[in-house]
J.: 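What follows is a single structure, and I will ask about it in a moment.
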Amino acid sequence: LYGTAVMVGFGTDEVKLHYDNFDYVNLVGNDENSWGLSHKGTIWHDGKSKAYCQPFFDKDTVIGVLLNTHDK
């Protein structure tokens with residue numbers, strides 16, 4: 001993949017979904033209003049990442065997401 005980030009995640013209604021420059025950035029998890037899981041196996045929030053799982057990019061990959069707003 002070049003210039004593409006496969007991400008799964010969520011964000012508030014304040015999340016920034018576009019940038020004016022031509023840099024490749026992860027939109028999900030790039031600011032304080034969103035959280036994301038990259039196909040590279042890293043989780044993202046507020047522009048920071050950390051290792052979370054093995055990388056995945058396969059047509060047979062299944063990802064489940066649980067959003068627990070009660071415990072944040």
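Values in this document were obtained by computation on a predicted structure and should not be read as measured data.
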J.: Run through the side-chain heavy atoms of Ile, Leu, Val, Met, Phe, Trp and Tyr, join any pair under 4.5 Å, and report what else lands in Trp35's cluster.
T.: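 Besides Trp35, the cluster holds Phe10, Leu67.
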J.: Under the side chain to side chain contact (heavy atoms under 4.5 Å, CB included) test against Ser34, which residue among Thr12, Leu27, Val15 passes?
T.: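 Single pass found, and it is Val15.
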J.: Could you pull out the closest heavy-atom pair between His45 and Asp31, with the gap in Å?
T.: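 Taking every non-hydrogen atom into account, ND1-O, 3.9 Å.
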J.: Using the side-chain contact (heavy atoms from CB on, under 4.5 Å) criterion, which residues pair with Gln54? Sequence neighbours excluded.
T.: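 So Gln54 forms no side-chain contact (heavy atoms from CB on, under 4.5 Å) with any residue.
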J.: Would you please name every residue forming a side-chain contact (heavy atoms from CB on, under 4.5 Å) with Asn30, sequence neighbours left out?
T.: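 With sequence neighbours excluded, Asn30 shows a side-chain contact (heavy atoms from CB on, under 4.5 Å) to Tyr19, Val25, given in chain and number order.
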J.: Quick one: salt bridge (Lys or Arg N to Asp or Glu O under 4.0 Å) partners of Lys48, sequence neighbours excluded?
T.: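 Result, salt bridge (Lys or Arg N to Asp or Glu O under 4.0 Å) vs Lys48: Asp46.
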J.: Sequence neighbours left out, what passes ring pair (Phe, Tyr, Trp, His ring centres under 6.0 Å) with Phe56? Give chain and number order.
T.: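 Per chain and number, Phe56 pairs via ring pair (Phe, Tyr, Trp, His ring centres under 6.0 Å) with no residue.
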J.: Looking at residues at least two apart in the chain, or sitting in another chain, which of them share a side chain to side chain donor-acceptor pair (under 3.5 Å) with Ser38?
T.: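 Once residues adjacent in sequence are excluded, Ser38 has no partner under the side chain to side chain donor-acceptor pair (under 3.5 Å) criterion.
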J.: Rounded to the nearest 0.5 Å, what separates atom NZ in Lys50 from atom OG1 in Thr42?
T.: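 Answer for the NZ-OG1 pair, Lys50 versus Thr42, is 11.5 Å.
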J.: Apply the hydrophobic cluster definition, ILVMFWY joined by side-chain contacts under 4.5 Å directly or through others, and give me every member besides Val28.
T.: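 Reading the cluster by chain and number, Val28 sits alongside Met7, Trp44.
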